[in-house]
Amino acid sequence: MNTCKHVVLAVTGASGACYARRFLERAAALPDVSVHLFLTDTAREVWRHELGCEAPQGLDNHRFDAPFCSGSAAADVMVVLPCSMGTLGRLAAGTADDAIARMADVQLKERRPLILVPRETPLHLLQLRNMTSLCEAGAIIAPAAPAFYARPDSLDALVDAFVARLFQLAGLQALDEQYKWS
Ligand SMILES: Cc1cc2nc3c(=O)[nH]c(=O)nc-3n(C[C@H](O)[C@H](O)[C@H](O)COP(=O)(O)O)c2cc1C
C-alpha cells in the first residue's frame with residue numbers, strides 16, 4: 001500500500017516566505033511525504049523581496065485541472081503558509097477562483113485537514129470574522145506566532161521551531177523534544 005502523504009503547500013503574498021522555504025526543506029527530508037507547491041503571483045513578489053531569490057516554480061495556480069482540485073482526489077493535508085488577508089477573505093467567501101481557493105474549498109467540503117497560517121497585525125473585524133468562519137467550517141487557524149520558550153538563538157531557529165510545530169499539526173512529524181515546553 002502507498003503510504004505517502006500528499007501535502008499541498010500554498011504560499012500566498014503575506015510576509016513570511018522564510019516559513020514556506022523551511023517547510024519545503026524539512027519535507028524534502030521525509031521519504032514518505034510528497035509536497036505539491038502552489039504560489040500566488042504576489043507570493044512570488046514577496047519571496048523575491050524577503051529572501052532575495054526567485055521562488056521555486058510550483059504548479060500552475062491558474063488551472064483547475066490541478067490534482068487536488070477535485071473531491072475525488074483531495075490532498076491528505078493542505079497548508080496555506082503564509083496566508084494573506086486577501087486569500088483568507090477569498091477562502092472565507094468560498095470563491096474557488098484559483099487552484100489554491102478551490103483546493104481549500106475541497107479540503108473543507110471533504111472534511112480534510114486545512115491549516116491556515118495568517119500573518120497580519122493588527123486585525124480588523126472582517127479579518128477576525130473570516131478566521132472565525134473558516135474555523136467553523138473546519139479549518140485550523142495557526143497564526144504565524146512563533147514561541148520563544150525554546151529560547152531560539154537565531155532567526156533560523158525561530159523559523160525552524162514554528163515549522164516543526166506546523167509539521168506536528170499537519171500530522172507529518174512528531175514535535176522535536178527541543179521545541180517542547182518543559
Ligand atoms: C512585501 C509585501 C509584504 C506583504 N505582507 C503582507 C502580510 O503580512 N499580510 C497580508 O495579509 N498581506 C501582505 N501583503 C499584501 C498582499 O500581498 C496583497 O494583499 C495581495 O493582494 C495578496 O494576494 P494573494 O492572497 O493572492 O497572495 C504584502 C505585500 C507585499 C508586497
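FYI, side chains are in, hydrogens and waters are out, and symmetry mates aren't considered; it's all heavy atoms of this structure. Numbering of ligands and ligand atoms starts at 1, following listing order. Predicted model, so just to flag it, every value in this text is computed and none were measured.
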| field | Sidechain-backbone polar pair: Asp76 side chain, Val7 backbone, donor-acceptor under 3.5 Å | value |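 Here the side-chain-to-backbone pair does not exist.
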| So, the side chain of Gln173 versus the backbone of Ala164: is there a donor-acceptor pair under 3.5 Å, distance only? |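 Side chain of Gln173 to backbone of Ala164: no pair is present.
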| If you group Ile, Leu, Val, Met, Phe, Trp and Tyr whenever their side-chain heavy atoms sit less than 4.5 Å apart, what else falls in with Phe64? |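 Reading the cluster by chain and number, Phe64 sits alone, since nothing else belongs.
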| For Met85, the rest of its hydrophobic cluster, which grows through side-chain links under 4.5 angstrom |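 Its cluster partners, ordered by chain and number, are Val8, Phe38, Leu59, Phe68, Met78, Val80, Leu88, Leu91, Ile100, Met103, Leu108, Leu114, Leu116, Leu123, Leu128, Met131, Leu134, Ile141.
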Enumerate the pairs of nitrogen or oxygen atoms, one from ligand 1 and one from the protein, separated by less than 3.5 angstrom; state names and distance to 0.1 Å.
unit_1	atom_1	unit_2	atom_2	d
ligand 1	5 (N)	Ser15	N	3.2
ligand 1	8 (O)	Ser15	N	3.0
ligand 1	8 (O)	Arg119	O	3.1
ligand 1	8 (O)	Arg119	NE	2.8
ligand 1	8 (O)	Arg119	NH2	3.1
ligand 1	9 (N)	Arg119	O	2.7
ligand 1	11 (O)	Met85	N	2.7
ligand 1	14 (N)	Gly13	O	3.1
ligand 1	17 (O)	Gly13	O	2.5
ligand 1	23 (O)	Thr42	OG1	3.4
ligand 1	25 (O)	Ser84	OG	2.5
ligand 1	25 (O)	Thr87	N	3.3
ligand 1	25 (O)	Thr87	OG1	2.5
ligand 1	25 (O)	Arg90	NH2	3.0
ligand 1	26 (O)	Arg90	NH2	2.9
ligand 1	27 (O)	Gly13	N	2.7
ligand 1	27 (O)	Thr40	OG1	2.6

| task | Identify, with sequence neighbours excluded, every residue that meets ring-ring contact (aromatic ring centres under 6.0 Å, His included) alongside Phe148. | result |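 So Phe148 forms no ring-ring contact (aromatic ring centres under 6.0 Å, His included) with any residue.
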| said: Under 6.0 Å between ring centres: does that hold for Phe162 and Tyr179? | reply: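 Not close enough - the centres of the two rings lie 6.0 Å or further apart.
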